[in-house]
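Everything below concerns the one structure shown next.
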Amino acid sequence: MRTLVPGAVSLLLAPPLLLAGVLLRLPHDLFFPVQLAAYEQSPSRIFAAYSCFLLGTVLLWPGILLLARRIGGGFGLWGGILVICGLIGRAFHAGIDHLAFQLVRVLGLDTATQVVADSYGAYHVMRVFTVPMILGWVVLAIGAWRSRALWRPGAVALGLMAAMPVGVLKGTEWLSVVAAAGLCVALVPLGFREFPRPEPRVALRWGLVGAASITALYFLGQAG
């Protein structure tokens, strides 16, 4: 049962973080010139938006492993692999996003926009993960439907993540909100079902250990 805890926590935390990131990007247009201008106007809000989306992306993989295990068979295996590859690709895009925003801060909006425009189509090997970012959710949703790992509306909601825009410096459109909300509908209830109910003293102990670990990782990261 203890091995399920990371997956359950992932299912509870990651989808709301993704949804928060998507909503914080409103009402700015989808494409990169507007995203860079939005950062110049509201750097704290845009930083929070992209940070929430990145945290949700990174924290989602244990939950996907748990769901893939529940699905089983080929759909569970390949759906899980494809989705996790897609999450890796999105994390790579987030690194580019961060650099682009720093260009705005250091060089100014006009120069940063020109640099991003001139380099936007540059080839990188992570493009191989573009298709898994979309297809993986469809495969996983079909597997969840067939295996009844999720209730049928939940499986459909999971598949909506295929509509999440792919690429660098992508803002929010209505499909983004639908996709992130669908992920919450599909996975958060599963997280509640899978989360074990520990004794209060055990929960307190692990809560303190978790808080101390996160604090230590933060300061070690700042030192690096």
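- Between Val116 and Leu36, some side-chain heavy-atom pair lies under the 4.5 Å cut-off.
- Looking at heavy atoms from C-beta onward, Leu60 lies in side-chain contact with Leu183 at the 4.5 angstrom threshold.
- Between the side chain of Asp97 and the backbone N or O of Leu169 there is at least one donor-acceptor pair closer than 3.5 Å.
- At least one side-chain heavy atom of Val22 sits less than 4.5 Å from a side-chain heavy atom of Met164.
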* Carefully, step by step, assess Leu190 and Leu67 under the rule side chain to side chain contact (heavy atoms under 4.5 Å, CB included). => CA-CA 9 Å; Leu190 179 62; Leu67 176 58; 3.9 Å; yes
* Hey, mind stepping through Leu23 and Val177 against side chain to side chain contact (heavy atoms under 4.5 Å, CB included) and telling me if it holds? -> CA-CA 7 Å; Leu23 293 177; Val177 178; 4.2 Å; yes
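- When the options Val9, Leu12, Leu66 are evaluated for a side chain to side chain contact (heavy atoms under 4.5 Å, CB included) with Glu194, the one that passes is Leu66.
- At least one donor-acceptor pair closer than 3.5 Å links the side chain of Arg45 to the backbone N or O of Leu24.
- When only modelled atom types and interatomic distance are considered, Asp110 and Gln114 share no side-chain donor-acceptor pair under 3.5 Å.
- Within the 4.5 Å cutoff, no side-chain heavy atoms of Arg105 are placed close to those of Pro43.
- Hydrophobic clustering places Ile71 together with Leu135 (ILVMFWY residues linked when any side-chain heavy atoms are closer than 4.5 Å, directly or through intermediates).
- Atom CD1 of Ile81 and atom CD1 of Ile64 lie 13.0 Å apart (nearest 0.5 Å).
- By the 4.5 Å heavy-atom criterion applied to side chains, Phe75 and Val139 are counted as neighbours.
- Taking every heavy atom of both residues into account, Ile46 and His28 meet most closely at CD1-CD2, 4.1 Å.
- Contact of the Phe92 side chain with the Ile88 side chain is not registered, since no non-hydrogen atoms from C-beta on lie closer than 4.5 Å.
- At a threshold of 4.5 Å between non-hydrogen side-chain atoms, the residues Thr113 and Val104 do not count as touching.
- Grouping the Ile, Leu, Val, Met, Phe, Trp and Tyr side chains by contacts below 4.5 angstrom, directly or via other members, places Leu150 apart from Leu77.
- Residues Leu65 and Met161 fall within the same hydrophobic cluster, defined by Ile, Leu, Val, Met, Phe, Trp and Tyr side chains chained together at heavy-atom separations under 4.5 Å.
- Hydrophobic cluster membership is shared by Val168 and Met126, with clusters built from Ile, Leu, Val, Met, Phe, Trp and Tyr side chains linked at under 4.5 angstrom.
- In His124, the NE2 atom is crowded: over 12 heavy atoms of neighbouring residues, nucleotides or ligands sit closer than 6.0 Å.
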* To do: Show the numbers, then the answer: is there a side chain to side chain contact (heavy atoms under 4.5 Å, CB included) between Ile134 and Val166?
  => CA-CA 8 Å; Ile134 301 169; Val166 173; 4.0 Å; yes
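- Transitive grouping of hydrophobic side chains (ILVMFWY, heavy atoms separated by less than 4.5 Å) keeps Leu18 and Leu54 in distinct clusters.
- Looking only at distances, no side-chain donor or acceptor of Arg193 sits under 3.5 Å from a matching main-chain atom of Ala8.
- A distance of 6.0 Å or more separates the ring centres of Tyr39 and Tyr50.
- Here the straight-line distance linking atom CG of Leu59 with atom CG of Leu11 works out to 11.0 Å at 0.5 Å rounding.
- To the nearest 0.5 angstrom, Ile142 atom CD1 is 11.5 Å from Ser147 atom OG.
- In terms of modelled atom types and a separation under 3.5 Å, the side chain of Ser176 and the main chain of Glu173 share a donor-acceptor contact.
- By the 4.5 Å heavy-atom criterion applied to side chains, Arg148 and Arg70 are not counted as neighbours.
- The two residues Ala68 and Gly80 come nearest to each other via the heavy atoms CB-CA, 4.2 Å.
- Closest non-hydrogen pair, Gly56 versus Ala14, comes out as O-CB, 3.4 Å.
- In this structure, Pro6 and Pro62 approach most closely via the heavy-atom pair O-CB, 3.8 Å.
- Through direct or indirect side-chain contacts shorter than 4.5 Å among Ile, Leu, Val, Met, Phe, Trp and Tyr, Leu175 is connected to Leu160, Trp174, Val178.
- Between Phe129 and Gly89, the shortest heavy-atom distance links the atoms CD1-N, 4.0 Å.
- Summarising the geometry of Asp29 relative to Gln35, their closest heavy-atom pair is O-NE2, 2.7 Å, with the distance given to 0.1 Å.
- Phe32 and Tyr120 have their aromatic ring centers within a separation under 6.0 angstrom.
- Pairs passing the side-chain hydrogen bond (donor to acceptor under 3.5 Å, both in side chains) check and including a residue from residues 126-138, sequence neighbours excluded, do not occur.
- Taking SG from Cys184 and CG from Leu158, the interatomic distance works out to 11.5 Å, rounded to the nearest 0.5 Å.
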